[in-house]
2 protein chains.
Amino acid sequence: MLEPELSVAKDKILIVEDEEAIRDMLGYALMKEGFNCDEAADAEQARNTIESSRPNLILLDWMLPGMSGIDYARRLRNVPETRDIPIIMLTAKGEEADKVRGLETGADDYITKPFSTKELIARVKAVLRRYSSSTDTSIIEVNGLVLDPETYRVTANGQDIEISPTEFKLLHFFIGHPERVYSRTQLLDHVWGENVYVEERTVDVHIRRLRKTLEPYGFDRYIQTVRSVGYRFSTR
Amino acid sequence: MLEPELSVAKDKILIVEDEEAIRDMLGYALMKEGFNCDEAADAEQARNTIESSRPNLILLDWMLPGMSGIDYARRLRNVPETRDIPIIMLTAKGEEADKVRGLETGADDYITKPFSTKELIARVKAVLRRYSSSTDTSIIEVNGLVLDPETYRVTANGQDIEISPTEFKLLHFFIGHPERVYSRTQLLDHVWGENVYVEERTVDVHIRRLRKTLEPYGFDRYIQTVRSVGYRFSTR
DNA sequence: CTCTTATGTGACAAAACTATGAAAGAAATT
DNA sequence: AATTTCTTTCATAGTTTTGTCACATAAGAG
């Protein structure tokens with residue numbers, strides 16, 4: 001269910017909308033898609049929320065009490081801290097806006113109410129995709145053991161190794177951070193993700209499996225146990 | 001593997017938009033980004049310009065005097081000379097989302113006014129990037145599997161394969177980007193286009209059908225599943 | 001050497017993913 | 001307008017992977 005190529009941490013979305021019904025609706029739809037949502041009814045609240053938990057994207061209503069959404073967007077663009085947060089504008093269907101003025105908006109996308117949640121989700125994801133930095137895709141090689149994130153392949157002396165997703169991620173992490181010991185907890189954080197509830201001993205099992213798949217090629221000896229501490233990837 | 005950044009020659013962009021203010025504004029923004037721009041106020045002018053200097057991309061206003069943008073887009077698609085020129089539609093915000101959906105048949109992307117120049121540039125570049133690498137009109141051949149974008153034809157060892165449009169596009173993309181894994185989302189972005197609201201699972205179905213049509217010739221094994229990530233085209 | 005604690009392993013049910021057939025919807029053709 | 005071809009979605013079946021246990025082993029401490 002989770003997006004494989006995106007970051008492990010959930011994206012935070014701030015909804016700035018004065019109508020509670022719509023706000024809740026948006027929040028619910030996004031939540032259900034696995035996003036983390038903050039809500040604000042006006043620019044004032046929004047500012048507080050942005051400071052405390054920095055959102056990855058802002059859904060901004062065009063009409064806000066006090067300050068129009070477009071002015072607020074412009075203001076967000078003028079502050080270094082918020083300049084790079086993508087904004088999707090929400091506008092009511094009837095509103096006729098000055099086109100040229102609109103062109104200058106700081107928004108990255110634009111949705112006209114009423115809209116389907118499907119469309120909303122699609123746009124939110126599209127914008128986040130555009131903005132998310134590309135994952136590290138460089139090929140890593142150690143003594144004939146090659147891991148290529150781009151093709152999702154692991155080869156030992158040119159020969160393809162069949163490897164499961166978690167083993168791949170584990171090996172990827174290890175091979176990218178060699179010679180250093182990691183506790184089970186640290187491995188869970190880095191490989192499984194920060195908010196994952198999994199037994200520590202599960203790491204052992206995956207270490208075992210990784211060793212098993214590397215064994216035919218003799219690379220299992222690189223996965224080393226450091227008793228009472230954790231595991232390490234080392235070529236020594 | 002990086003996308004070949006062949007920006008030696010500037011990309012030419014044709015702007016078809018009746019409102020002069022917007023046309024100039026777009027032209028200026030694109031020019032500043034290093035693009036070469038032609039401008040046209042209606043379909044008539046556009047046709048002339050296309051003949052004389054063939055653009056690499058067309059920005060097309062939804063509402064044109066005389067002929068609607070969508071009709072014009074469809075017409076461009078029916079002529080071999082212009083079939084492969086990507087089109088980005090400019091739509092005013094009033095237009096219904098489902099109408100926009102319909103337009104996706106002809107356009108590669110669309111932008112809803114108002115939009116930021118940042119957004120415009122990003123989309124233009126995205127579309128060009130997509131096209132420069134995959135819609136090369138040169139014939140591609142891999143171990144007897146031949147794909148000819150010019151004639152929309154695929155042959156296996158000289159024998160014609162019947163293939164549907166989407167399968168063709170999918171295969172075209174794959175064959176032009178071999179070995180690398182693509183998530184379903186990425187495939188949707190590249191093959192279907194960035195703003196298409198289609199279920200991820202739909203990709204599976206098309207993969208399946210592509211495999212089925214390639215199966216009689218043994219090429220189905222090139223379409224590989226990478227569990228928990230996506231699919232890849234590989235001859236290994 | 002014995003006890004205590006930490007790690008290695010095989011097994012297995014649950015969970016996650018993918019393949020596939022079929023139906024409903026759209027679009028293109030005739 | 002009717003027919004045919006493609007697309008998309010849905011439901012379901014089929015596989016693979018994962019997280020935990022329970023127990024076997026191994027490493028240290030005293």
Side-chain angles (χ1 to χ4, degrees), chain A residues 1-5 34 116 118-119 121-122 152 154 161-171 181-185 187-188 191-193 195-215 220-221 223-232, chain B residues 70-71 73-75 77-78 83 98-107 152 154 161-171 181-185 187-188 191-193 196-215 220-221 223-232:
Chain A
M1 195 58 104
L2 68 155
E3 297 292 302
E5 78 265 52
S116 66
K118 195 172 175 186
E119 177 177 1
I121 301 294
Y152 225 78
V154 178
I161 298 181
E162 218 162 282
I163 192 167
S164 78
T166 304
E167 283 164 54
F168 184 91
K169 281 186 283 185
L170 186 55
L171 180 60
V181 190
Y182 290 92
S183 70
R184 290 173 177 70
T185 306
L187 288 172
L188 284 174
V191 178
W192 274 255
N195 348 319
V196 180
Y197 160 64
V198 170
E199 288 291 319
E200 279 204 350
R201 293 300 311 279
T202 299
V203 174
D204 297 32
V205 178
H206 281 278
I207 288 284
R208 159 85 194 350
R209 288 174 180 154
L210 180 53
R211 281 174 173 154
K212 212 171 190 176
T213 76
L214 295 180
E215 195 184 358
D220 57 313
R221 65 192 188 83
I223 310 292
Q224 302 172 353
T225 303
V226 180
R227 199 188 165 76
S228 82
V229 181
Y231 298 96
R232 152 180 75 195
Chain B
I70 184 167
D71 285 340
R74 187 160 292 147
R75 184 191 277 197
R77 284 291 183 252
N78 286 331
R83 180 183 297 151
D98 38 32
K99 279 190 194 166
V100 170
R101 240 211 114 151
L103 131 158
E104 277 153 12
T105 39
Y152 271 76
V154 179
I161 298 181
E162 215 159 286
I163 192 167
S164 76
T166 304
E167 283 166 56
F168 182 89
K169 281 187 283 184
L170 187 55
L171 180 60
V181 187
Y182 291 92
S183 70
R184 292 172 177 73
T185 305
L187 288 173
L188 285 174
V191 179
W192 275 255
V196 181
Y197 317 130
V198 170
E199 290 290 319
E200 282 201 354
R201 295 260 137 242
T202 300
V203 175
D204 298 32
V205 178
H206 283 278
I207 287 283
R208 155 126 187 317
R209 296 196 357 196
L210 178 54
R211 280 174 173 154
K212 213 171 190 176
T213 75
L214 295 179
E215 195 184 359
D220 57 312
R221 66 192 191 82
I223 310 292
Q224 304 174 350
T225 302
V226 180
R227 192 163 233 272
S228 87
V229 181
Y231 298 96
R232 123 184 100 199

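Throughout, a chain's letter reflects where its sequence line sits, starting with A, and its residues are numbered from 1.
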J.: Excluding sequence neighbours, so at least two apart, what forms side chain to side chain contact (heavy atoms under 4.5 Å, CB included) with A/Gln224?
T.: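 By the side chain to side chain contact (heavy atoms under 4.5 Å, CB included) rule, A/Gln224 matches A/Arg232, A/Ser234.
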J.: Could you check how far CG of B/Asp220 sits from P of C/dT20, rounded to whole Å?
T.: 10 Å
J.: Going by side chain to side chain contact (heavy atoms under 4.5 Å, CB included), name the residues that satisfy it together with B/Arg201, two or more places apart in sequence or in a different chain.
T.: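 Side chain to side chain contact (heavy atoms under 4.5 Å, CB included) list for B/Arg201, sorted by chain: B/Arg184, B/Asp204.
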J.: Do any side-chain nitrogens or oxygens of A/Trp192 fall under 4.0 Å of OP1 or OP2 in D/dG19?
T.: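 A/Trp192 to D/dG19 OP1/OP2: side-chain N or O found under 4.0 Å.
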J.: Starting from P on D/dA22, measure out to CD on A/Glu199 and report it in whole angstrom.
T.: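 Interatomic distance, CD of A/Glu199 to P of D/dA22: 12 Å.
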J.: I want to confirm an ordering. Mapping B/Glu167 and A/Ser164 to their closest nucleotides on DNA chain D, which one lands closer to the 5' end?
T.: B/Glu167
J.: When the distance from CD of B/Glu200 to P of D/dT8 is rounded to whole Å, what number comes out?
T.: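 From B/Glu200 CD to D/dT8 P: 14 Å.
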J.: Residues in side chain to side chain contact (heavy atoms under 4.5 Å, CB included) with A/Lys169, at least two apart?
T.: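 So A/Lys169 forms a side chain to side chain contact (heavy atoms under 4.5 Å, CB included) with A/Tyr152, A/Val191.
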J.: At 10 degrees resolution, what angle do the end axes of the helix from C/dC1-D/dG30 to C/dT30-D/dA1 form when each is taken over five base pairs?
T.: 30°
J.: When we call it a touch if two heavy atoms are under 4.0 Å apart, what does B/Thr166 touch: a base, just sugar-phosphate, or nothing?
T.: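 Here B/Thr166 touches the backbone only, sparing every base.
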J.: Going by side chain to side chain contact (heavy atoms under 4.5 Å, CB included), name the residues that satisfy it together with B/Thr225, two or more places apart in sequence or in a different chain.
T.: B/Arg211, B/Tyr231
J.: Output the rounded distance in Å from CG (B/Leu210) to P (C/dT18).
T.: 17 Å
J.: Decide side-chain hydrogen bond (donor to acceptor under 3.5 Å, both in side chains) for B/Glu162 and B/Thr213; before the verdict, give the C-alpha distance in whole Å, the side-chain angles of both, and the deciding distance to 0.1 Å.
T.: CA-CA 7 Å; B/Glu162 215 159 286; B/Thr213 75; over 6 Å; no
J.: Could you give the distance from NE2 (A/His206) to CG (A/Leu188), rounded to the nearest 0.5 Å?
T.: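 That separation rounds to 9.0 Å.
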J.: Would you kindly give the CG-to-C1' distance between B/Leu214 and C/dA19, to the nearest whole Å?
T.: 16 Å
J.: Distance check needed: C/dA19 C1' versus B/His206 NE2, whole Å only.
T.: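 Rounding to the nearest Å, NE2 of B/His206 and C1' of C/dA19 are 15 Å apart.
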J.: How close or far is atom P of C/dT18 from atom CG of B/Leu187, stated in whole angstroms?
T.: 12 Å
J.: Rounded to the nearest Å, what distance is computed from the CG atom of residue A/Leu170 to the C1' atom of nucleotide D/dG19?
T.: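 The answer, rounded to whole Å, is 14 Å.
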J.: A side-chain contact here means heavy atoms from C-beta on lying under 4.5 Å apart; do B/Val229 and B/Tyr182 qualify?
T.: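 Of all side-chain heavy-atom pairs linking B/Tyr182 with B/Val229, none is under 4.5 Å.
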J.: Indicate yes or no: does B/Arg209 engage B/Glu167 in a salt bridge with an N to O separation below 4.0 Å.
T.: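 Yes, this pair counts.
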J.: State the CG-CG distance between A/Leu170 and A/Leu210, to the nearest 0.5 angstrom.
T.: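 Nearest 0.5 Å value for the CG-CG distance: 5.5 Å.
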J.: Protein within reach of the bases, or only the backbone? For nucleotides 3-15 of chain C, mark each nucleotide 5' to 3' as B, S or -, using heavy atoms under 4.0 Å.
T.: --BSBBSSB----
